[in-house]
Asker: 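Dropping the structure in here first, questions after.
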Amino acid sequence: PQTLKERLAELIPKEIDNVKAIRAEHGKKAFGQVTVDQVYGGMRGLPALLWDGSVLDAEEGIRFRGKTIPECQAELPKAPGGSEPLPEGLFWLLVTGEVPTDAQVKALSQEWAHRAALPEFVEEIIDRCPPSLHPMSQFSIAVTALNHESAFAKAYQEGISKKDYWGPVFEDCMDLIAKLPNIAGRIYRNVFGSGKLPAIDTSKDYSYNLANLLGFGDKEAFVELLRLYITIHSDHEGGNVSAHTGKLVGSALSDPFLAFGASLNGLAGPLHGLANQEVLLWLMKMKSKLGDAPTDEAVRGYIWDTLNGGQVVPGYGHAVLRKTDPRYTAQREFALKHLPNDSLFKLVGQIYNIAPEVLLEAGKAKNPWPNVDAHSGVLLTYYGLTQMQFYTVLFGVSRAFGVAAQLIWDRALGAPLERPKSYSSEAIKKMFANK
Ligand code: CMX
């Protein structure tokens, strides 16, 4: 079958023409006003970035290349006997906008398996990290160190022409994604002490190998969960902290390892990816305080205590979304199918019925509904992956798919260095003094 790189080589000249035509026709048109509040307010709603893999609608949630999560579940290739989409197919979709064949997905699984080995010095770096260093810090260090092997950094030193950037960036992105399971598996086993890493099985798919490296290869339902998990966590348009950071750093022509290492440092923040760890900690504290089957009143009181303590309710709210996150819904449906009677799942469902009311009554959060992080930990816990400090690493493995797809396109389209304008408060005051 045609490889992803071959297909990409056909698509790039067409997309360059497409962008030229868009800019010729619309280049001088304005999206609208930029207000002073947006500059102080974390740039909410400011149109500022090009991102092709996915677009987020505030009401409906994410679409990957125009397809909703249920559409991806229906249309993307699956493992034999499986019912969740293979992330390999999602990556093909993010990069090309097209649904691949089973054979193309299989070839991608094999290619990633063949690229999966880590340089020895990266293994040693991970092994030297103290188990008390947060898994996300270890993850970021290891990914950054892969820059030693970057095809793009090497080609740049050798004077590669601008129009050819995308080739070695593509190679680096394929290596990046391929090597993440070995990094994640090694960190998990080092930190939580669960024995020696097995070898990658080149006949199996990416999610199986990741599950197996973590010690869960014999649990088919967990492998299915990872397929869904990676798919839904892969991409959430361009403005979120991890995606935007990767794009920004990549715009300096830092190679994909450096760019994605930076993404991971942003994902490690509690308002972003670390929220999945925070949700589980919060749930466990709630359980230990209120018992296994608390009343609605007790749960309501616990949520109020969180807010009154000046803390956020983790897993709720969103900077863009204004409805229940479809990534939450996809995980809820997985739980209804595979673990309907689990007590922690029931608690998550109970909170879903109560937290939005409380957040609305408190009156601050613009979105009282759950996001992706409100549900992921309970699924991982059910299958025995109970170490919540590791959860954001799995988010990071997934997020590489979306960031990598855009890094390839940015270099193919010759995206320039990012350099928005900043102002001091003094300058803002002066600028609007008599207006
Ligand atoms: N609990 C308590 N207060 C919340 C809240 C929540 N879940 N969500 C928003 N608020 C508060 C904000 O802290 C803010 O308070 P201040 O005015 O005192 O600063 C106010 O409501 C308005 O915020 P907003 O415009 O609704 O939300 P933002 O766009 O500023 O922030 C987010 C979005 C996600 C950081 C926020 O909703 C939050 O902190 N949620 C909890 C953490 C979380 O789940 N993060 C994961 C998001 C998904 C991901 O990236 O993985």
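Counting convention: from 1, in listed order, for ligands and their atoms alike.
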Asker: Can you sort out the partners of Q38 under side-chain hydrogen bond (donor to acceptor under 3.5 Å, both in side chains), two or more places apart, ordered by chain and number?
Answerer: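 side-chain hydrogen bond (donor to acceptor under 3.5 Å, both in side chains) list for Q38, sorted by chain: empty.
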
Asker: For a side-chain contact (heavy atoms from CB on, under 4.5 Å) check, start with the C-alpha distance between L283 and L347, then their side-chain angles and the critical distance, and finish with the verdict.
Answerer: CA-CA 8 Å; L283 287 174; L347 182 59; 4.2 Å; yes

Asker: Of all the heavy-atom pairs spanning A151 and E171, show the shortest one and how long it is.
Answerer: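 Scanning both residues, the minimum pair turns out to be CB-CB, 4.4 Å.
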
Asker: Find all protein N or O atoms under 3.5 angstrom from an N or O atom of ligand 1 and list the pairs with distances, or write 'none'.
Answerer:
from, atom 1, to, atom 2, distance (Å)
ligand 1, 1 (N), V313, N, 2.9
ligand 1, 7 (N), V313, O, 2.9
ligand 1, 7 (N), Y316, O, 2.8
ligand 1, 18 (O), K364, NZ, 2.7
ligand 1, 21 (O), A365, N, 3.3
ligand 1, 25 (O), K366, NZ, 2.8
ligand 1, 26 (O), K366, N, 2.7
ligand 1, 29 (O), R44, NE, 2.9
ligand 1, 29 (O), R44, NH2, 3.1
ligand 1, 30 (O), R44, NH2, 3.2
ligand 1, 40 (N), Y316, O, 2.8
ligand 1, 44 (O), G315, N, 2.8
ligand 1, 44 (O), N371, ND2, 3.0
ligand 1, 45 (N), L271, O, 2.9
ligand 1, 50 (O), H272, ND1, 2.6
ligand 1, 51 (O), H272, O, 3.3
ligand 1, 51 (O), D373, OD2, 2.5

Asker: Given 3.5 Å as the limit, does a donor-acceptor pair link the side chain of T144 with the main chain of S140, or not?
Answerer: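 Yes: the side chain of T144 pairs with the backbone of S140.
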
Asker: Using every non-hydrogen atom in the two residues, find where L146 and F257 come nearest and quote the distance to one decimal.
Answerer: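 What the structure gives for the nearest pair is CB-CD2, 3.5 Å.
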
Asker: Checking side-chain polar atoms at under 3.5 Å, does Q350 have a donor or acceptor matched by the opposite partner on N353?
Answerer: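 Checked: Q350/N353 side chains show no N/O donor-acceptor pair below 3.5 Å.
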
